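Computed from a predicted model, the values in this text were never measured in an experiment. Count residues from 1 along the sequence.
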Amino acid sequence: MFEEEKKKLEQRKKSIYQVQVSKDKLYSAVQIGFEKEKKERMLKRTKLIKRSSWSVVIAAILLISFFTSISISPVFASKVASIPGMERIIALIQQDRGLIAAVENDFYQPLNLSQEKNGIMVTLDGVIADKKGIVVFYSVQSKEKNQPLEAFRNRIFEASE
(Lines give C-alpha, C1' and ligand atoms only; values in the text may rest on other atoms or scores of the structure.)
Protein backbone atom coordinates (compact mmCIF):
# COMPACT_ATOMS: atom_id res chain seq x y z
CA MET A 1 0.00 0.00 0.00
CA PHE A 2 2.81 2.37 0.79
CA GLU A 3 4.47 1.58 -2.50
CA GLU A 4 1.49 2.88 -4.47
CA GLU A 5 1.43 6.13 -2.51
CA LYS A 6 5.17 6.59 -3.03
CA LYS A 7 4.76 6.11 -6.79
CA LYS A 8 1.92 8.65 -6.93
CA LEU A 9 3.97 11.19 -4.95
CA GLU A 10 6.95 10.70 -7.28
CA GLN A 11 4.72 11.22 -10.34
CA ARG A 12 3.28 14.44 -8.89
CA LYS A 13 6.74 15.67 -8.00
CA LYS A 14 7.89 15.11 -11.59
CA SER A 15 4.83 16.86 -12.99
CA ILE A 16 5.36 19.88 -10.70
CA TYR A 17 8.99 20.21 -11.82
CA GLN A 18 7.91 20.14 -15.45
CA VAL A 19 5.62 23.15 -15.08
CA GLN A 20 7.22 26.31 -16.37
CA VAL A 21 6.59 29.41 -14.24
CA SER A 22 8.13 32.76 -15.01
CA LYS A 23 10.39 34.34 -12.41
CA ASP A 24 8.27 37.49 -12.38
CA LYS A 25 5.21 35.52 -11.32
CA LEU A 26 7.21 33.75 -8.59
CA TYR A 27 8.62 37.05 -7.32
CA SER A 28 5.19 38.69 -7.26
CA ALA A 29 3.67 35.66 -5.47
CA VAL A 30 6.40 35.85 -2.80
CA GLN A 31 5.86 39.61 -2.40
CA ILE A 32 2.10 39.11 -2.05
CA GLY A 33 2.76 36.47 0.61
CA PHE A 34 5.05 38.87 2.51
CA GLU A 35 2.48 41.65 2.35
CA LYS A 36 -0.26 39.33 3.56
CA GLU A 37 1.92 38.28 6.52
CA LYS A 38 2.63 41.94 7.40
CA LYS A 39 -1.09 42.70 7.43
CA GLU A 40 -1.79 39.68 9.64
CA ARG A 41 0.95 40.75 12.05
CA MET A 42 -0.48 44.26 12.24
CA LEU A 43 -3.94 42.85 12.98
CA LYS A 44 -2.53 40.62 15.72
CA ARG A 45 -0.58 43.55 17.15
CA THR A 46 -3.63 45.82 17.25
CA LYS A 47 -5.67 43.08 18.92
CA LEU A 48 -2.92 42.61 21.50
CA ILE A 49 -2.75 46.36 22.13
CA LYS A 50 -6.53 46.53 22.57
CA ARG A 51 -6.48 43.61 25.03
CA SER A 52 -3.57 45.00 27.02
CA SER A 53 -5.07 48.49 27.14
CA TRP A 54 -8.31 47.05 28.52
CA SER A 55 -6.29 45.12 31.10
CA VAL A 56 -4.49 48.29 32.15
CA VAL A 57 -7.77 50.21 32.40
CA ILE A 58 -9.36 47.50 34.54
CA ALA A 59 -6.28 47.30 36.80
CA ALA A 60 -6.31 51.09 37.21
CA ILE A 61 -10.00 51.07 38.12
CA LEU A 62 -9.41 48.33 40.69
CA LEU A 63 -6.46 50.21 42.23
CA ILE A 64 -8.35 53.49 42.37
CA SER A 65 -11.35 51.82 43.98
CA PHE A 66 -9.04 50.04 46.47
CA PHE A 67 -7.31 53.29 47.46
CA THR A 68 -10.61 55.15 47.64
CA SER A 69 -12.14 52.46 49.83
CA ILE A 70 -9.20 52.62 52.20
CA SER A 71 -9.33 56.39 52.50
CA ILE A 72 -13.13 56.48 52.93
CA SER A 73 -13.89 53.42 55.05
CA PRO A 74 -11.97 52.94 58.31
CA VAL A 75 -13.46 49.45 58.70
CA PHE A 76 -12.13 48.35 55.31
CA ALA A 77 -8.78 49.96 56.10
CA SER A 78 -8.51 48.10 59.41
CA LYS A 79 -9.36 44.78 57.72
CA VAL A 80 -6.74 45.34 55.04
CA ALA A 81 -4.21 46.49 57.67
CA SER A 82 -4.60 43.11 59.38
CA ILE A 83 -2.89 41.53 56.35
CA PRO A 84 0.83 41.22 57.14
CA GLY A 85 2.87 43.97 55.48
CA MET A 86 -0.09 46.16 54.55
CA GLU A 87 0.02 48.41 57.63
CA ARG A 88 2.53 50.81 56.07
CA ILE A 89 0.62 51.03 52.81
CA ILE A 90 -2.59 51.76 54.70
CA ALA A 91 -0.82 54.43 56.75
CA LEU A 92 0.43 56.10 53.57
CA ILE A 93 -2.96 56.01 51.89
CA GLN A 94 -5.21 56.77 54.84
CA GLN A 95 -3.44 59.80 56.30
CA ASP A 96 -5.03 60.61 59.62
CA ARG A 97 -6.67 63.95 58.81
CA GLY A 98 -7.51 64.48 62.48
CA LEU A 99 -3.84 64.59 63.41
CA ILE A 100 -3.06 66.87 60.51
CA ALA A 101 -5.87 69.23 61.53
CA ALA A 102 -4.66 69.15 65.16
CA VAL A 103 -1.16 70.16 64.11
CA GLU A 104 -2.48 72.89 61.81
CA ASN A 105 -4.66 74.34 64.63
CA ASP A 106 -1.78 74.43 67.16
CA PHE A 107 -2.96 71.55 69.36
CA TYR A 108 0.47 69.96 68.99
CA GLN A 109 2.68 70.58 72.02
CA PRO A 110 6.40 70.15 71.29
CA LEU A 111 8.34 68.54 74.17
CA ASN A 112 11.77 67.49 72.86
CA LEU A 113 12.58 65.47 76.01
CA SER A 114 15.23 62.77 75.74
CA GLN A 115 16.48 60.05 78.04
CA GLU A 116 19.01 57.31 77.45
CA LYS A 117 19.10 53.97 79.24
CA ASN A 118 20.88 50.76 78.34
CA GLY A 119 22.18 52.23 75.06
CA ILE A 120 18.73 53.27 73.85
CA MET A 121 17.75 56.92 73.53
CA VAL A 122 14.04 57.73 73.51
CA THR A 123 13.02 61.25 72.54
CA LEU A 124 9.49 62.52 73.18
CA ASP A 125 9.02 64.92 70.30
CA GLY A 126 5.56 66.17 71.23
CA VAL A 127 1.97 65.35 72.17
CA ILE A 128 -1.56 66.04 71.05
CA ALA A 129 -4.22 65.62 73.74
CA ASP A 130 -7.99 65.90 73.62
CA LYS A 131 -10.98 64.56 75.57
CA LYS A 132 -10.69 61.08 74.05
CA GLY A 133 -6.98 60.45 74.52
CA ILE A 134 -3.41 61.45 73.90
CA VAL A 135 -1.14 60.91 70.91
CA VAL A 136 2.57 60.80 71.68
CA PHE A 137 5.15 61.45 68.97
CA TYR A 138 8.51 59.88 69.77
CA SER A 139 11.70 58.67 68.17
CA VAL A 140 14.03 55.90 69.29
CA GLN A 141 17.74 55.60 68.59
CA SER A 142 20.09 52.79 69.54
CA LYS A 143 23.86 52.73 69.57
CA GLU A 144 23.80 49.02 68.72
CA LYS A 145 23.15 48.08 65.13
CA ASN A 146 20.42 45.55 64.28
CA GLN A 147 19.09 45.41 67.81
CA PRO A 148 16.00 43.17 68.01
CA LEU A 149 12.69 44.90 68.69
CA GLU A 150 11.77 42.56 71.54
CA ALA A 151 14.98 43.41 73.38
CA PHE A 152 14.14 47.10 72.91
CA ARG A 153 10.62 46.64 74.29
CA ASN A 154 11.86 44.64 77.25
CA ARG A 155 14.46 47.27 78.12
CA ILE A 156 11.99 50.14 77.83
CA PHE A 157 9.35 48.44 79.95
CA GLU A 158 11.93 47.38 82.55
CA ALA A 159 13.24 50.95 82.70
CA SER A 160 9.74 52.42 83.16
CA GLU A 161 8.81 50.10 86.07
J.: Hey, what do you get for OG1 (Thr68) to CG (Leu63), rounding to the nearest 0.5 Å?
T.: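 Output value for this atom pair is 10.0 Å.
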J.: Please evaluate residues Ser139 and Asp125 with respect to the criterion side-chain contact (heavy atoms from CB on, under 4.5 Å), reporting the C-alpha separation (whole Å), side-chain torsions for both, the decisive distance (0.1 Å), and the verdict.
T.: CA-CA 7 Å; Ser139 57; Asp125 298 321; 3.8 Å; yes
J.: Are Val75 and Phe67 grouped together when hydrophobic residues (ILVMFWY) are joined by side-chain heavy atoms under 4.5 angstrom apart?
T.: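 Shared cluster, no.
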J.: Start with the C-alpha distance between Glu5 and Glu3, add both sets of side-chain angles, then the distance that settles side-chain contact (heavy atoms from CB on, under 4.5 Å), and finish with yes or no.
T.: CA-CA 5 Å; Glu5 291 173 355; Glu3 295 298 323; over 6 Å; no
J.: Please confirm whether the backbone N or O of Ser69 pairs with a side-chain atom of Ser73, one donor and one acceptor, at under 3.5 Å?
T.: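 No; judged by distance alone, with no hydrogens or angles, the pair does not exist.
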J.: Could you pull out the closest heavy-atom pair between Ile120 and Val140, with the gap in Å?
T.: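 Closest pair (atom of Ile120, atom of Val140, distance): CG2-CG1, 3.7 Å.
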J.: Please examine the side chains of Val56 and Trp54, heavy atoms only from C-beta on, and report whether any two atoms are closer than 4.5 Å.
T.: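 A side-chain contact is absent here, since even the closest heavy-atom pair is not under 4.5 Å.
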J.: Cluster question for you: counting only ILVMFWY and a side-chain heavy-atom cut-off of under 4.5 Å, with indirect links fine, are Val136 and Met121 together?
T.: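 Cluster IDs for Val136 and Met121 differ.
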J.: Mind running side-chain contact (heavy atoms from CB on, under 4.5 Å) on Tyr17 and Val19 for me, showing each step along the way?
T.: CA-CA 6 Å; Tyr17 282 128; Val19 174; over 6 Å; no
J.: Would you check if Val127 and Tyr108 make a side-chain contact, meaning some heavy-atom pair closer than 4.5 Å?
T.: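 No, too far: nothing below the 4.5 Å cut-off.
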J.: Hey, could you give me the OG/CG distance between Ser114 and Leu124, rounded to the nearest 0.5 Å?
T.: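 Rounded to the nearest 0.5 Å, the OG-CG separation comes to 8.0 Å.
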J.: With a 4.5 Å cut-off on side-chain heavy atoms, are Val80 and Met86 touching?
T.: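 Side-chain contact under 4.5 Å: yes.
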J.: Just so I know, are the side chains of Arg45 and Ile49 near enough to count as touching, which here means a heavy-atom distance under 4.5 Å?
T.: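 SC-SC contact between Arg45 and Ile49 confirmed.
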J.: Spell out, yes or no, whether Leu48 and Met42 are grouped together once hydrophobic residues are joined by side-chain heavy atoms under 4.5 Å, including indirect joins.
T.: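 As far as the 4.5 Å side-chain criterion goes, Met42 and Leu48 are not connected within one cluster.
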J.: Give, for atom CD of Glu10 and atom OG of Ser15, the distance between the pair rounded to the nearest 0.5 Å.
T.: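 Answer rounded to 0.5 Å: 11.0 Å.
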J.: Charged N to carboxylate O below 4.0 Å: is that the case for Arg41 and Glu37?
T.: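 Looking at Glu37 together with Arg41, the answer is yes, because their closest N to O distance falls below 4.0 Å.
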J.: For Phe137 and Ile128, what are the C-alpha separation, side-chain angles and deciding distance, and is it a side-chain contact (heavy atoms from CB on, under 4.5 Å)?
T.: CA-CA 8 Å; Phe137 297 93; Ile128 297 174; 3.6 Å; yes
J.: Please determine whether residues Ile70 and Ile64 belong to a single hydrophobic cluster, defined as Ile, Leu, Val, Met, Phe, Trp and Tyr linked transitively by side-chain heavy-atom distances below 4.5 Å.
T.: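 In one cluster with Ile70: Ile64, no.
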J.: Applying the 4.5 Å side-chain criterion to the ILVMFWY set and letting contacts propagate, would Leu9 and Phe2 be lumped into a single cluster?
T.: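 No, Leu9 does not connect to Phe2 through the hydrophobic network.
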